[in-house]
Amino acid sequence: MLDDATIVQLEYFRTVVRLGSLTRAAEALSVTQPTLSTAITRLERQYRVQLLARIPRKGVEPTLAGSRLLSALEPLLDSVGRLGSIARGTDDPLKGELSVGIYAPLAPFYSPTIVLEAARLMPGITLTVTEGDLDELPEALRRRQLDVALMYADELTPDFGIAPLRSIAPHVVVAEDHRLVRAGRTSVSLHELADEPAAFLSISHSFNRYMSYFRALNITPNIKYTSPSYEVIRSYVASGLGYSLLHHEHLTHQTHCGRSLVPLRIEEDVPDSQLCAVTPTRDQAPARTAHLIEVIDNVVQQFASRAPR
């Protein structure tokens, strides 16, 4: 017993938060929903706080008190699960399961190499990779569905653990036969592109970030095409249908449509974005999570060194 709360009750609570639903948690734990509800209620009575908030049509999410409890629970329940191996002297902190989330547009750049490097350097770890947008990943971190997320962290609140990996500047991309390329230009002012057709990523955070650059300059871009896919946008541009703004460099300027594009530096002072490894809290990450962050950092730096200039 821990403060009259059992390990089972605490594990029930953690599972409910991770899955965001009493129904799904009951199924995962192979218990009835009334049993699960009773356990959570007893936990709330013991600690004299509300731990879960019921959200209509969405399930449940932790209250502030619930989030605090969850932060404290993770190392405790992890240690409990390793008690047998600790007692036998066979415990290895680099064994077990880890879950990494990757911002979906970045997944093609990093996911395969992270999986390969983790398997090589952390063979005792079973790694799960999940893609998500910049709204989904922070929520998954809060629920402890992820151990770490690789994402842009420009708008994150400071309660997360944020390890900066790389600062990435946005750039313009145009077709290889664009007038600016023919003129030998390597940079461009966004004012020069105001009337040209544009193809923009439709992912909300990317779209809003790029639009903010134009708003700051009192420019209204002439957006003709949108897509959530980097590769579709690159193919639109390479086909001569418009310019675009992107962040990440590709290892090749060739696109799926068989044509190439050319990156141009933006002449205006536009902010870089911070690519970061993000953990659920500012507390020191467990050893295996810290090791995974090192693996992710190495992969990011390797990509940066190979990207064309």
Side-chain angles (χ1 to χ4, degrees), residues 102-113 131 133-134 150-152 154 165-275 300-309:
I102 300 181
Y103 180 41
L106 301 178
F109 301 99
Y110 296 118
S111 291
T113 309
E131 298 175 23
D133 65 27
L134 294 182
L150 177 63
M151 58 186 290
Y152 293 122
D154 305 326
L165 304 179
R166 187 182 171 208
S167 181
I168 302 178
H171 58 276
V172 168
V173 286
V174 295
E176 59 186 341
D177 59 352
H178 191 276
R179 59 179 177 82
L180 294 171
V181 177
R182 294 198 305 269
R185 297 278 296 276
T186 59
S187 66
V188 64
S189 165
L190 295 182
H191 286 282
E192 296 179 67
L193 300 171
D195 296 327
E196 290 200 20
F200 277 15
L201 279 168
S202 59
I203 301 170
S204 60
H205 284 80
S206 295
F207 185 86
N208 293 336
R209 181 168 59 232
Y210 295 144
M211 287 298 294
S212 71
Y213 303 157
F214 288 91
R215 283 195 297 269
L217 299 169
N218 292 318
I219 301 171
T220 301
N222 180 22
I223 301 171
K224 293 294 186 180
Y225 310 98
T226 61
S227 171
S229 166
Y230 258 66
E231 291 306 320
V232 171
I233 292 299
R234 293 177 80 240
S235 291
Y236 276 141
V237 172
S239 299
L241 295 173
Y243 72 93
S244 188
L245 271 66
L246 296 175
H247 266 75
H248 246 66
E249 315 93 331
H250 284 64
L251 296 182
T252 175
H253 295 317
Q254 189 81 10
T255 66
H256 288 304
C257 70
R259 300 182 178 92
S260 295
L261 45 72
V262 176
L264 301 174
R265 180 179 59 82
I266 298 174
E267 294 175 355
E268 284 81 12
D269 184 16
V270 294
D272 294 353
S273 285
Q274 294 296 322
L275 183 60
V300 169
Q301 304 314 323
Q302 289 170 19
F303 184 93
S305 68
R306 295 163 55 205
R309 303 298 176 187

Which atoms form the tightest heavy-atom contact between Tyr152 and Leu134, and what is the distance? O-CD2, 3.9 Å
Tell me, do Leu217 and His191 make a side-chain contact under 4.5 Å, heavy atoms counted? yes
Any pair with a residue in residues 198-217 that passes side-chain hydrogen bond (donor to acceptor under 3.5 Å, both in side chains), sequence neighbours left out, goes on the list, sorted by first then second residue, please. Tyr103-Ser206, Tyr210-His247
Output for pair (Leu261 CG, Ser239 OG), nearest 0.5 Å, gives 9.5 Å
Less than 4.5 Å apart, side chain to side chain, heavy atoms only: is that true for Phe214 and Ile223? no
Write down the atom of Val173, the atom of Pro263, and the distance for their closest heavy-atom approach. CG1-CA, 4.1 Å
Can you name the nearest heavy-atom pair linking Pro105 to Pro108, along with the distance? O-CD, 3.5 Å
Is any side-chain heavy atom of Leu150 closer than 4.5 Å to a side-chain heavy atom of Leu165? yes
Below 4.5 Å, heavy atoms only, C-beta onward: do Leu180 and Leu193 meet side chain to side chain? yes
Of all heavy-atom pairs linking Glu176 and Val262, the shortest is CA-CG2, 3.8 Å
Could you tell me if the side chain of Leu275 sits less than 4.5 Å from the side chain of Leu106, heavy atoms only? yes
Quick check: closest heavy atoms across Ser235 and Thr255, and the distance to 0.1 Å? OG-CB, 3.9 Å
Distance check, rounded to the nearest 0.5 Å: Ser273 atom OG versus Met151 atom CE? 11.5 Å
In terms of the angle between their ring planes, are Phe303 and His248 parallel, tilted or perpendicular, with boundaries placed at 30° and 60°? tilted
What are the two closest heavy atoms between Thr226 and Ile233, and how far apart are they? C-CD1, 4.3 Å
Side-chain heavy atoms of Phe200 within contact of Tyr243, under 4.5 Å: yes
Measure the CZ-CG distance between Arg234 and Leu201 for me, rounded to the nearest 0.5 Å. 11.0 Å
Taking only residues at least two apart or on different chains, which pairs with a member in residues 252-271 satisfy salt bridge (Lys or Arg N to Asp or Glu O under 4.0 Å)? Arg185-Glu267
Between the CG atom in Leu246 and the OG atom in Ser244, the distance rounded to the nearest 0.5 Å is 4.5 Å
Are Asp272 and Pro170 packed together at the side-chain level, in the sense that at least one heavy-atom pair is separated by less than 4.5 angstrom? yes
Would you indicate whether the side-chain heavy atoms of Glu196 and Asn222 approach each other to under 4.5 Å? no
Using atom types as modelled and distance alone, determine if a side-chain donor or acceptor of Asp154 lies under 3.5 Å from a backbone N or O of Gln274. yes
